[in-house]
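Read the structure below first, then the notes.
Numbers here are sequence positions counted from 1.
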Amino acid sequence: QVQLVESGGGLIHPGGSLRLSCVASGFTLDSYVIGWARQAPGKEREGISCTPDNDGGAYYADAVKGRFTISSDNAKNTVFLQMNKLEPEDTAIYYCAAAPRDVIVDVTTGCPYGYHHWGQGTQVTVSS
């Protein structure tokens, strides 16, 4: 059974950093594309990062590029999202998601059009 469990959210001041973790079970990371998405109050969920391949490449949405970094520890089957220079506009529920590598992807980002599995989300609030 595939399961994704996020952690690491919280309340942080503007300019601060947080590292989110997503522990995966029921599959191995090298066989899946892993992505991070967020949903701010009153807004649609948006994809912000994914790992299109096993070569270390990653996609980042413009809103987070240069501030967020996706990484993984395959031995622990865990994916991380390091978030630096956080802004109030980053306030949202953050989700990790997974899809098998044979799914159809957006050719401009390498990220799946749809993920098969989602975590329960972790709240990030950036406020002074």
R38 and D90: CA distance, side-chain angles, deciding distance, salt bridge (Lys or Arg N to Asp or Glu O under 4.0 Å) verdict: CA-CA 9 Å; R38 67 185 182 184; D90 296 316; 2.9 Å; yes
Just to verify, which of V103, V33, V2 counts as forming a side chain to side chain contact (heavy atoms under 4.5 Å, CB included) with H116? V103
Students often mix this up, so state it plainly: with edges at 30° and 60°, are the rings of H117 and Y32 parallel, tilted or perpendicular? tilted
Give the intermediate values and the outcome of side chain to side chain contact (heavy atoms under 4.5 Å, CB included) for residues L11 and S127. CA-CA 7 Å; L11 174 64; S127 175; 4.2 Å; yes
Using 0.5 Å steps for rounding, measure from the CD1 atom of I34 to the CG atom of L81. 12.5 Å
Find the distance between OG (S72) and CG (D30) and round it off to the nearest 0.5 Å. 9.5 Å
Check against side chain to side chain contact (heavy atoms under 4.5 Å, CB included), S7 and T122: CA-CA 6 Å; S7 63; T122 185; 5.6 Å; no
Measure the shortest side-chain to side-chain distance between L29 and V79 over non-hydrogen atoms and say whether it is less than 4.5 angstrom. yes
Would you compute the distance between atom CG of D62 and atom CD1 of I48 and round it to the nearest 0.5 angstrom? 12.5 Å
Distance in Å, F27 CZ paired with Q3 CD, rounded so as to fall on 0.5 Å steps: 10.5 Å
Tell me the closest heavy-atom pair linking G47 and A61, and the distance in Å. O-CB, 3.8 Å
With a 4.5 Å cut-off on side-chain heavy-atom distances among I, L, V, M, F, W and Y, is there a chain of contacts connecting W36 to Y60? yes
Taking E44's backbone N and O only, do any of them form a donor-acceptor pair with Q39's side chain (distance below 3.5 Å, no angle check)? no
For I12 and S17, work out which heavy atoms get closest and say how close. CD1-O, 3.7 Å
For the residue pair Y95 and Q120, establish whether any side-chain heavy-atom pair is separated by less than 4.5 Å. no
For P112 against A99, the heavy-atom pair lying closest together: CG-CB, 4.0 Å
Once rounded to the nearest 0.5 Å, what's the spacing between atom CZ of R67 and atom CD of Q82? 12.0 Å
Given side chain to side chain contact (heavy atoms under 4.5 Å, CB included), test L18 with V124 step by step and report yes or no. CA-CA 9 Å; L18 281 176; V124 172; 3.9 Å; yes
Quick one: do Y115 and C50 satisfy side chain to side chain contact (heavy atoms under 4.5 Å, CB included)? Show the steps, please. CA-CA 11 Å; Y115 288 94; C50 83; 3.4 Å; yes
Would you please say whether a donor-acceptor pair under 3.5 Å links the side chains of D73 and T78? no
CD1 of I70 to OH of Y59, rounded to nearest 0.5 Å, is 11.5 Å
Taking the side chain as every heavy atom from C-beta outward, state whether V23 and K76 have any atom pair closer than 4.5 Å. no
Below 4.5 Å, heavy atoms only, C-beta onward: do E6 and L20 meet side chain to side chain? no
